[in-house]
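Let me begin by presenting the structure, written as structure tokens, before commenting on it.
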Amino acid sequence: MLTYEQARRTVIEQVEEAEGPRATVGISVWDALGFVLAEEVRTDREYPPFHRSTRDGYAVRAAEVSAGATLRCVAEIKAGDTVTQPLASGACAQIMTGAAVPDGADAVVMIEHTNRDGDSVRFERAAHPGQNIVARGSEAKLGETILSAGMRLGYAELALAAQVGATQLRCACKPRVAILSTGDEVVSIDQHPGAFQIRNSNSVSLAAQARLAGGEPVLLGNAADRVDDLRDKISRGLLEDVLVLSGGVSMGKYDLVETVLKDLGAQFYFDAVAIRPGRPAVFGKCGDTFVFGLPGNPVSTMVTFELFVVPAIDLLNGAPARDLPLVKARLGAALNEKPGLTHFLPARVKWRGTTPEVKALPWQGSGDVAALAHANCYLVVAADRGQVSAGETVPILLRKDVI
Ligand code: AMP
Ligand code: MG
């Protein structure tokens with residue numbers, strides 16, 4: 001059985017191998033959060049476009065300002081002012097943050113280090129060339145590439161695009177992720193479940209996870225545990241880039257997902273991973289569609305999506321597969337798990353200063369959505385461990401959607 005690292009590697013290798021040119025779409029910078037850039041963005045001018053003052057103070061010739069020097073203030077320069085007059089020798093100009101430093105001046109002295117009396121400005125300390133000035137072109141040259149294809153667009157990337165006037169961005173079309181729940185007991189969330197039925201919460205978490213990962217969820221509802229219904233709905237799902245199924249991949253008599261996929265021509269790269277929860281997770285390909293059969297227990301579904309589906313969505317967007325957000329934390333309370341599988345336990349991490357401390361939450365196993373809803377991370381217990389004492393350092397997998 002593959003470890004979760006091996007299983008992730010397998011997903012990454014298969015999706016990388018299959019990757020062809022992807023469709024792109026023009027998106028307004030206002031709407032492009034979470035898209036992956038499919039073009040290079042270049043500067044439209046130098047940055048900064050003029051020698052920019054970083055302080056409120058006085059523009060001076062540094063050579064004329066020793067401690068105790070006095071200069072006559074001859075001008076006031078605000079941010080946005082057109083600056084054409086060079087600074088005369090023996091003079092200084094009052095200048096504001098973000099304003100252009102006039103030719104001739106090579107330093108800005110902070111207002112806090114000056115005393116003014118009428119036009120006369122006295123400097124408390126010596127100035128040195130370049131002080132409090134960002135030189136023209138020092139952040140970026142004209143035509144320099146500042147964002148490249150494959151970059152995920154977060155708020156800073158979008159601000160940078162906006163700064164250079166790139167108001168429309170060519171992005172990868174988000175991979176379409178078909179979501180199909182399975183199970184005779186499952187009813188849609190707007191229906192009232194019978195006494196022995198449950199609502200389809202998995203489709204909700206899967207759609208949210210797909211969206212967070214940069215995919216476009218396509219909701220296909222629920223299929224009964226019957227070959228004909230599964231076949232119909234799986235065939236519909238195979239029209240999309242990725243098909244994610246929940247349920248029906250265990251060893252039960254009515255776990256028919258793998259059989260139906262096989263009949264439809266799927267090939268499988270793995271059908272079990274050495275983790276708990278999530279052990280029966282299946283990954284394969286049918287035609288051009290990547291197929292993930294995730295176990296139906298809600299926490300299993302959520303964990304296996306994070307581990308295996310997210311990297312596929314990254315790659316299909318033209319971005320590198322993100323590393324798992326694993327960090328080290330101090331274990332707050334001892335653990336006693338059965339060794340043999342890597343455990344992903346719902347847990348809560350708190351930062352005491354910069355030191356994270358983590359505690360597993362009480363839970364009733366992989367059906368316990370409430371435990372995960374109170375968790376902000378998964379505590380990862382290595383397969384060869386089982387018993388871990390309080391105070392030991394353990395890896396945790398952050399839930400980036402709530403941290
Ligand atoms: P399965 O993987 O099909 O054996 O399902 C395992 C458990 O997950 C069962 O208790 C199911 O009732 C539950 N389950 C399956 N599908 C869903 C779903 N769409 N939403 C919530 N729970 C589900
Ligand atoms: Mg089932």
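Whatever order the structure lists them in is the order used to number ligands and atoms, beginning at 1.
Of the protein's non-hydrogen atoms, Ile198 CD1, 3.3 Å is the one closest to atom 22 (N) of ligand 1. Looking only at heavy atoms of the protein, atom 10 (O) of ligand 1 is closest to Asn297 OD1, 4.0 Å. Of the protein's non-hydrogen atoms, the one nearest atom 19 (N) of ligand 1 is Asn200 OD1, 2.8 Å. Scanning the protein for heavy atoms near atom 12 (O) of ligand 1, the closest one is Glu185 OE2, 2.7 Å. Considering only non-hydrogen protein atoms, atom 17 (C) of ligand 1 sits nearest to Asn202 ND2, 3.2 Å.
Ligand 1 is never approached by Asn222 to a heavy-atom distance shorter than 4.0 Å. Ligand 1 is approached by Gly248 to a heavy-atom distance shorter than 4.0 Å. Ligand 1 is approached by Ser201 to a heavy-atom distance shorter than 4.0 Å.
For Lys174 and Phe35, the positive end sits near the middle of the six-membered ring, less than 6.0 Å away and at most 45° from its axis.
Close N/O approach between Val249 and ligand 1 is not found [any backbone or side-chain N/O within under 3.5 Å]. For ligand 1, one of its N or O atoms has an N or O atom of Gly296 under 3.5 Å away.
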For Arg55 and Thr97: C-alpha separation, side-chain torsions, deciding distance, then whether side chain to side chain donor-acceptor pair (under 3.5 Å) applies. CA-CA 5 Å; Arg55 293 283 187 272; Thr97 301; over 6 Å; no
Could you give me the CA-CA distance, side-chain angles and deciding distance for Arg116 and Gln94, then say whether side chain to side chain donor-acceptor pair (under 3.5 Å) is met? CA-CA 11 Å; Arg116 184 159 178 172; Gln94 188 167 14; 3.0 Å; yes
Apply side chain to side chain donor-acceptor pair (under 3.5 Å) to residues Asp117 and Ser120 and explain how you reach the verdict. CA-CA 5 Å; Asp117 183 8; Ser120 169; over 6 Å; no
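Checked against Tyr269 for a ring pair (Phe, Tyr, Trp, His ring centres under 6.0 Å), the options Phe290, Phe283, Phe308 give a single hit: Phe283.
With ligand atoms numbered from 1 in the order given, ligand 1 contributes 19 (N) to contacts under 4.0 Å with heavy atoms of Ser181.
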